[in-house]
Amino acid sequence: MDSKTPSSLPSVDFIREIVTTDVQQGRNEGKVITRFPPEPNGYLHIGHAKAICIDFGIAAEFAGRCHLRMDDTNPEKEEMEYIKSIQDDIHWLGYDWGTHFYNASDYFEQLYEWAVALIKAGKAFVCDLTADQITQYRGTLTAPGKDSPFRNRSVQENLDLFDRMRKGEFPDGIRTLRAKIDMSLPNINMRDPVMYRIVHATHPHTGDKWCVYPTYDWAHGQSDWIEGITHSLCTLEFEIHRPLYDWYIDTLIAIGCRPAGISYRPRQNEFARLNLTYTLTSKRKLAQLVKEKHVNGWDDPRMSTLRAFRRRGYTPEAIRNFVKEVGVTKFESVIDFGRLENALREDLNKRAPRRMAVLRPIKVIIDNYPEGQTEELDAVNNPEDPSAGVRKVPFSRVLYIEQDDFMENPPPKYFRLSPGIEVRLRYAYFVKCASVDKDAAGKVVAVHCTYDPATRGGDAPDKRKVKATIHWVSAQHAHPAEVRLYDRLFNTSNPGDVPEGKTFLDNLNPKSLEVIPSAQLEPSLKAANADERFQFERLGYFVCDTVESTPGNPVFNRSVTLKDTWVKEQKKA
RNA sequence: UACCCCGUAGUGUAACGGUAGCACAAGAGAUUUUGGUUCUCUUUGUCCUGGUUCGAAUCCAGGCGGGGUAGCCA
């Protein structure tokens, strides 16, 4: 029936395999419902993008849905500002939760009821140990813990105490509600874990209603269950929590507790988080970079936040493709940052209109071109996309070219402009360098060329070739603009890895930002709109900055350079 | 030191007991009005040792290496 060999079948990752099997076997009523559960206490970063693509992506592939749930179990840490930014970033990435936006705090009442049921079943108890004492009793990685002296309180006393905890009769930290599991289990998470702690704080959603708040382990799995989540996908560090995730659900089922209308239960599967070279994703360190002004805010294009990648000019398509390419496994890998840059280039190569811009100008004077003359030349907008059409670019006697594109004493294999050498000015003419002007210090300040009028448009009727084509901008028509050249924020591929006595800040790349106050742009760029992306020919991809551009005065951020085999060649030499 | 997870070219990732493949990187060449793009070719790999099997990257045992776990954070 099939000519397909096993190798021609599309290979899928282990999570999609699990989901496929579940659907085929009719588990969970055949549904696929996932969830993305951020804690609303920070901005999303590139690592979250992987989780988002997996959570929302798998749901979409299986015609299911993905919920967005704020994991707001800790009242002291959440802020509304983050909720908005998280939603915004997910939408930007191209995903949507529809009407399924929830908060873990939506379930506080249900969670409380179930906690009471567990107490009644003898599966939970109020513990008067202090935090330090709990740590003591917990044992260590190698030694078993021992039972809390409060473990065998009567159900009645537990119920009474838990009720009074809720009412706020006790100060913070004085008591906890704990699950009664087994203090000798090798998995420390199972040694009578805390379910509730007393916190007298105003919660952004529930206000002052609660004086006890559920811990992550107690809230998370049950929230999944209540929402009818089928596959609870998370990163590897929660793997060791899975036995507890299952214990809560199994135990609730055993004592007859179930969320209304849900016939099945969620399963947790873990995958490796995304690690990128030269990149930090620790909330704490990112915050430090902002606070100490090593960067200009959370959306500084050098940051690893999604907002920063946006401002840097990354496209959601590039990020999604990148995530798809790196795959989903349980192996803690580190992805070369170049892979992400590559995904951007691949996307923008197809879509970004080409323009000419000179970052570090040097003047070129065409000696035999009539003074005062101007002409409009046709330039192709995107050689990869004929439908992008052509535009007019003004040409005149005095031009700017890139300083890098002229050398008075060139090394071997240098194809660009140098004395006696002919090159093509893109879409314009062949020009040959005749002489140079120097200042008192001997520095070249202008290059004199002659042009061949027969080569208008860039083709020689006699079929003679040039080895280089360089970009240019007519000096009198050029629009000066600020351009920021971004490079990686850190010098070392693993910036979090620091020797004794140093911090990750010592790994900062002092050249991660170079501001060019006055690059010379071709005139059409003056009308660029915020967030509009271009390829500046031979330089890289640039985006019109969304924050600091004003109409008629665009500011550009370099998203990524073009590949450059010439710099590679130079490094070899 | 206990438990859990993970080891396939430089980096990622496939192969589900039957020819170790793909992408990126690297190198060589072709094409090119971007030293871009595109195309062709090349180099490089199953952590180790045993076992099971006609046959092992895959199953088993032991070792080695990496990561995770001792918040009333998530």
Side-chain angles (χ1 to χ4, degrees), chain A residues 6-7 9-14 17 37-39 41 71-74 76-77 104 127 129-131 134-135 138-145 172-178 185-189 191 193-199 212-213 215-217 219-220 234-243 270 272 277 283 325-336 338-339 342-343 345-346 349-350 354 356 379-380 383-384 413-416 423-428 430 455 457-460 465-471 535-540 561-570:
Chain A
S7 64
L9 292 168
S11 71
V12 295
D13 58 76
F14 75 101
E17 234 166 67
E39 189 186 10
N41 71 345
D71 225 330
D72 59 352
T73 54
N74 191 338
E76 292 167 314
K77 296 174 84 170
C127 183
L129 256 26
T130 63
I134 286 181
T135 304
R138 185 157 32 223
T140 67
L141 294 175
T142 52
D172 287 6
I174 212 86
R175 278 185 239 272
T176 55
L177 183 74
R178 296 224 260 161
L185 255 17
N187 183 342
I188 291 178
N189 290 298
R191 318 238 263 230
V194 171
M195 295 171 65
Y196 280 94
R197 68 277 212 190
I198 300 172
V199 182
V212 288
Y213 288 93
T215 54
Y216 165 83
D217 285 304
H220 193 82
C234 61
T235 43
L236 249 25
E237 69 265 31
F238 295 103
E239 201 164 27
I240 201 156
H241 291 247
R242 177 150 39 100
E270 311 85 9
T277 57
K283 251 177 224 173
E325 273 167 22
V326 301
V328 184
T329 67
K330 298 188 78 151
F331 181 64
E332 281 269 7
S333 57
V334 183
I335 313 291
D336 194 330
R339 291 289 288 266
N342 222 38
R345 287 192 192 103
E346 206 175 300
N349 177 50
K350 291 176 301 193
R354 317 285 131 124
M356 292 200 281
V380 172
E384 305 297 315
K413 292 191 187 171
Y414 183 87
F415 302 144
R416 280 108 96 148
V423 301
R424 170 166 39 231
L425 294 177
R426 182 139 225 217
Y427 300 125
F430 284 13
T455 58
D459 271 315
K465 303 277 187 202
V466 288
K467 288 197 115 171
T469 299
I470 64 177
H471 61 277
Q535 183 197 101
F536 289 177
E537 295 224 27
R538 305 208 305 134
L539 298 174
T561 61
L562 252 29
K563 279 192 206 164
D564 193 339
T565 52
W566 170 239
V567 298
K568 226 189 271 179
E569 191 73 32
Q570 286 172 301

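The sequence lines fix the lettering, A, B, ..., with proteins before strands; numbering per chain opens at 1.
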N/O (side chain, A:Thr135) to phosphate O (OP1/OP2, B:A70) under 4.0 Å: no
Earlier contact from the 5' end, RNA chain B, for A:Asp13 and A:Ile174: A:Asp13
Minimum-distance nucleotide to A:Lys330 side chain [options: B:U34, B:A70, B:C6]: B:C6
Options B:U34, B:G67, B:C72, nucleotide nearest the side-chain atoms of A:Glu332: B:G67
Rounded interatomic separation in angstrom, taking CG from A:Asn187 and P from B:A70: 10 Å
Which nucleotide in B:A14, B:U69, B:C5 has an atom nearest any side-chain atom of A:Ile188: B:U69
Distance-only polar pair, side chains of A:Arg426 and A:His471, donor-acceptor under 3.5 Å: no
Sugar-phosphate only, base, or nothing, as touched by A:Leu141 at under 4.0 Å among non-hydrogen atoms: base
Shortest side-chain distance from A:Tyr216, nucleotide among B:A74, B:G68, B:G36: B:A74
Sugar-phosphate only, base, or nothing, as touched by A:Arg178 at under 4.0 Å among non-hydrogen atoms: nothing
Sugar-phosphate only, base, or nothing, as touched by A:Thr176 at under 4.0 Å among non-hydrogen atoms: base
A:Arg354/A:Glu384 salt bridge by N-O under 4.0 Å criterion: no
Given B:A25, B:U34, B:C24, the nucleotide with the shortest approach to the side chain of A:Arg339: B:C24
Test item: A:Asn187 side-chain N/O and A:Ile240 main-chain N/O as donor-acceptor pair under 3.5 Å: yes
Out of B:A70, B:G36, B:G35, whichever nucleotide has its closest atom nearest the side chain of A:Thr140: B:A70
